[in-house]
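Take a look at the structure below.
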Amino acid sequence: MTRINQINNDEATGKAKELLDGVQKKLGMTPNLMKVLANSPVSLQSYLNTNETLAGGVLSAKNRERISLRVGELNRCQYCVSAHTLLGGKAGLSDEEVVGNRRGDAANPKDAAVLALVSAVVEKRGRISASELTQARSAGLTDGEIVEVVANAALNILTNYLNNVAGTEVDFPKVELFDVAEV
């Protein structure tokens, strides 16, 4: 049960209604996360704008989904892991890749470097070592890609934390989190 009110499209007014209606039109549904964010229209607008802007960056949709899956698993956010399991599949990740990415694994060395970097960033709260940064660069990540990995991690931390605080009801096919020892 959600601990923060969810604003439904038909109950919303003003900017919240405008934004929620836009989400509904674009996705064909209004995810519960958006309904929680709508309590603060400026927060919903900030999330939507940042998400759209990052989608136009240098990281592929697959790598943005990999980041979302890994960060969601590290932050124990069942809502986000469930949502991004579905979205990752739509972006072209196989079921095996989704599971591996949640654990921080990828077959391609550059994709693995993205996951290693985002894991270190989240686990160390951004205070990664010089050698971790060198490893990312050695695997082929540019400074622009490194910045976008951090930006995507930050956006996912926002949604993970909000869903964990709110207890947002999962409205995607529910995916169970791994045991902490498996993460």
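We're numbering straight along the sequence, starting at 1.
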- Message: What I want to find out is whether Arg137 reaches Asp143 closely enough, with some N-O distance under 4.0 Å, to be called a salt bridge.
- Response: yes
- Message: I'd like to know if the side chain of Asn63 and the backbone of Leu59 have a donor-acceptor N/O pair within less than 3.5 Å.
- Response: no
- Item | Check: Val36 main-chain N/O paired with Asn39 side-chain donor or acceptor under 3.5 Å | yes
- Task: Classify the side-chain pair Thr30/Gln24 by whether it contains a donor and acceptor separated by less than 3.5 Å.
- Result: yes
- Message: Using the side chain to side chain contact (heavy atoms under 4.5 Å, CB included) criterion, which residues pair with Ser94? Sequence neighbours excluded.
- Response: Glu96, Glu97
- Donor-acceptor contact below 3.5 Å, side chain Arg102 vs main chain Glu73: no
- Under 4.5 Å between side-chain heavy atoms, chaining through other members, with only Ile, Leu, Val, Met, Phe, Trp and Tyr counted: pull out the rest of the cluster around Val175, sorted by chain and number. Val81, Leu177
- Message: For the backbone of Asn32 and the side chain of Tyr79, can you confirm whether one donor and one acceptor N or O come within less than 3.5 Å of each other?
- Response: yes
- Message: I'd like to know whether CD of Glu52 has more than 12 heavy-atom contacts from other residues, nucleotides or ligands below 6.0 angstrom.
- Response: no
- Item | Closest non-hydrogen atom pair, Arg70 against Ser119 | NE-OG, 2.8 Å
- Query: Taking ILVMFWY side chains as joined if any heavy atoms are under 4.5 angstrom apart, and letting links pass through other members, which residues group with Val98?
  - Reply: Leu69, Leu93
- Query: Hey, is Glu132 close enough to Lys124 for a salt bridge, meaning N to O under 4.0 Å?
  - Reply: yes
- Taking all heavy atoms of Leu19 and all of Pro41, pick out the closest pair and write down the distance. CD1-O, 3.5 Å
- Query: Taking all atoms of both residues into account, what is the closest heavy-atom pair of Asn156 and Thr159, and its distance?
  - Reply: O-OG1, 3.0 Å
- For Thr168 and Leu33 the tightest heavy-atom approach is CG2-N, 3.9 Å
- Short side-chain donor-acceptor distance under 3.5 Å, Glu65 and Ser68: no
- Query: Would a distance-only check, ignoring hydrogens and angles, find a side-chain to backbone donor-acceptor pair under 3.5 Å from Lys17 to Asn9?
  - Reply: yes
- Backbone N or O of Asp10 within a donor-acceptor pair of the Asn8 side chain at under 3.5 Å? no
